[in-house]
Amino acid sequence: MLDRDKIISQAFHECMKEMYAKAQPSVDYDQLIADYKSGKITEGPNDRIYDRYYLSMEEFTYILDKYVKAYNIEGK
């Protein structure tokens with residue numbers, strides 16, 4: 001059964017996949033998560049994984065807005 005939380009989680013996952021696919025360097029979000037969970041990649045207190053990838057603010061906003069509108073999850 002789909003509820004709002006599952007739909008929001010699905011939207012988040014799809015949005016993150018697209019953002020990381022369009023980032024520089026490009027990476028598969030699912031593989032990134034799997035590698036982190038398996039310990040293949042790590043991060044330190046001053047080394048965050050997301051800092052290794054670049055996505056322009058313009059592209060970030062475009063992708064985020066697309067999912068917010070598609071899933072009708074605009075903030076209140």
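Between Gln24 atom CD and Ser56 atom OG the span is 10.0 Å, to the nearest 0.5 Å. Rounding to the nearest 0.5 Å gives a distance of 8.0 Å between OG of Ser38 and CD of Gln31. Taken to the nearest 0.5 Å, the NE2 atom of His13 stands 15.0 Å off from the CD1 atom of Ile8. One finds the CD1 atom of Ile49 at 7.5 Å from the CD1 atom of Ile33 (value rounded to the nearest 0.5 Å). Taken from OH in Tyr54 to CD in Glu59, the straight-line distance is 10.0 Å, to the nearest 0.5 Å.
Across every non-hydrogen atom of Leu55 and Phe60, the tightest pair is CD2-CA, 3.8 Å. Heavy-atom minimum distance, Ala21 versus Ser26: O-OG, 2.7 Å. The nearest pair of heavy atoms linking Lys6 to Asp3 is N-OD1, 2.9 Å. Summarising the geometry of Ile63 relative to Met19, their closest heavy-atom pair is CG2-CG, 3.8 Å, with the distance given to 0.1 Å.
In the hydrophobic clustering of ILVMFWY residues, with side-chain heavy atoms under 4.5 Å counting as a link, Ile41 and Tyr50 come out together. Taken together through direct or relayed side-chain contacts under 4.5 Å among Ile, Leu, Val, Met, Phe, Trp and Tyr, Tyr71 and Tyr62 form part of one hydrophobic cluster.
Between the Thr61 side chain and the Met57 main chain, a donor and an acceptor come within less than 3.5 Å of each other.
Glu18 and Tyr29 form no side-chain donor-acceptor contact under 3.5 Å, judged by distance and modelled atom types alone.
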**Request:** Begin with the C-alpha distance, continue with both residues' side-chain angles, and end with the deciding distance and a verdict on side-chain contact (heavy atoms from CB on, under 4.5 Å) for Tyr53 and Leu32.
**Result:** CA-CA 12 Å; Tyr53 303 93; Leu32 184 67; 3.7 Å; yes
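The shortest distance between side-chain heavy atoms of Tyr67 and Phe12 does not fall below 4.5 Å. Side-chain atoms of Lys17 and Asp28, non-hydrogen and from C-beta on, do get closer than 4.5 Å to each other.
Ion pairing between Arg52 and Glu43 fails under the 4.0 Å rule for side-chain N and carboxylate O.
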